[in-house]
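Before any comments, here is the structure.
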Amino acid sequence: MTESVRRDGRPFIKMHGLRNHFVIVDVRNDAWSPAVEEIVRICDVQTGVGADQLILIEQADSALAFMRILNTDGREAEACGNATRCVAWLLLEETGSDSVLLETRAGVLRCDRAGDQQVRCEMGKVSMDWQRIPLAAAEDTLHLGIGAGELQDPAAVNVGNPHAVFFVDDLDAIDIRTLGPVIQQNPVFPQQANVGIAQLLNNDRIRLVVFERGAGLTMACGSGACAAVFAARARGLTTAAQVTVSLPGGDVQIEIRDDDVAVMTGPVAFSFAGMLYEP
Ligand SMILES: N[C@H](CCC[C@H](N)C(=O)O)C(=O)O
């Protein structure tokens, strides 16, 4: 009675990084370019598995694999910190090595084993150059003159993907579900943006919540954590080179190196494995 009733299907692994959760499909030996409606269906918990992003592990030229990041709305993203740790862990276990290179649209990222189901990832050079964010025109990215309600005066940061980072005194007083989409739709962001709201707890600890582009409010956002720490340092809000970022799903360690490369260290977790079937 329990054997599969279908012979087709595509295997996947469900993982999460601080409850930012992913359907991960290894397509290195069975290429797959899912249509938008397939991505939306798979990421919807009622029609599919349910996930913040669908992640494909593809063949790569200049690394062990290429990671393709597909948001729940079907849009491709350039970076995803929590998924980077999860995919890196799969590759570290596959090869038995302590370090792997993972290619993304944001570049080739070095990822190292940092303990049991703990991974340290170089997330690439962070930039606040308006054309790298990107913005629609030249603006002061340290103090971007936009806002909505209590959210005003963000910093604009690129971690491979675009982020708007707001600094507030009381994170719990902000209605991010209402204000996040308003900020995201601002025409200053031609490719939209992930909207982070940060509260400095002390010199080396930041609370952060992120309303993600193409995924909405998630329990954690690794690239958002990198963006928040980089922006806090750029604004002189912290002098720490290593900061603990506390997200709703848990803590991640962010270090900003002298060369502006963000290094993120945090956990990965397995949930289950299964098969994806055509509807
Ligand atoms: N959850 C991801 C961010 C995904 C970013 C995606 N929402 C985008 O469109 O850039 C992270 O851990 O960095």
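Remember, it's 1-based here, ligands and their atoms both numbered in the order they're listed. Note that the coordinates shown come from a computational prediction; the quantities given were computed from them, not determined experimentally. All values below come from the heavy atoms of this structure, side chains included, with hydrogens, waters and symmetry mates left out.
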Note: Gln53, heavy atoms under 4.0 Å from ligand 1, region reported as side chain

Quick one: do Asp112 and Arg110 make a salt bridge, cutoff under 4.0 Å? yes

Students should be able to answer this: which protein heavy-atom is nearest to atom 6 (C) of ligand 1, and at what distance? Asn71 OD1, 3.4 Å

Of the side chain and backbone of Ala79, name the one, both, or neither that has a heavy atom under 4.0 Å from an atom of ligand 1. backbone

Among protein heavy atoms, which sits nearest to atom 11 (C) of ligand 1, and what does the distance come to when rounded to 0.1 Å? Gly81 N, 3.1 Å

Roughly how far, to the nearest 0.5 Å, is CG of Leu91 from SG of Cys86? 11.5 Å

Atoms of ligand 1 close to Ser223 [distance to a heavy atom under 4.0 angstrom, numbered from 1]: 3 (C), 11 (C), 12 (O), 13 (O)

Distance to 0.1 Å, residue and atom name: give those for the protein heavy atom nearest to atom 4 (C) of ligand 1. Glu212 OE1, 3.2 Å

Under a 4.0 angstrom heavy-atom cut-off, which atoms of ligand 1 come close to Ala77? 6 (C), 8 (C), 9 (O), 10 (O)

State whether Asp172 and Arg207 are salt-bridged, where the test is any N-O pair (Lys NZ or Arg NE/NH1/NH2 against Asp/Glu carboxylate O) under 4.0 Å. yes

Without swapping roles, check the side chain of Thr141 against the backbone of Met128 for a donor-acceptor pair under 3.5 Å. yes

Can the positive tip of Arg113 be found less than 6.0 Å from the middle of the six-membered ring of Trp89, inside 45° of the ring normal? yes

Nearest non-hydrogen contact with atom 1 (N) of ligand 1 belongs to which option: Asn20, Leu18, Thr72, Leu70? Asn20

Between Asp30 and Arg10, is there a side-chain N and carboxylate O pair less than 4.0 Å apart? yes

Applying a heavy-atom cut-off of 4.0 Å, say which part of Val159 lies close to ligand 1: side chain, backbone, both or neither. neither

of all protein heavy atoms, closest to atom 12 (O) of ligand 1 is Gly222 N, 2.7 Å

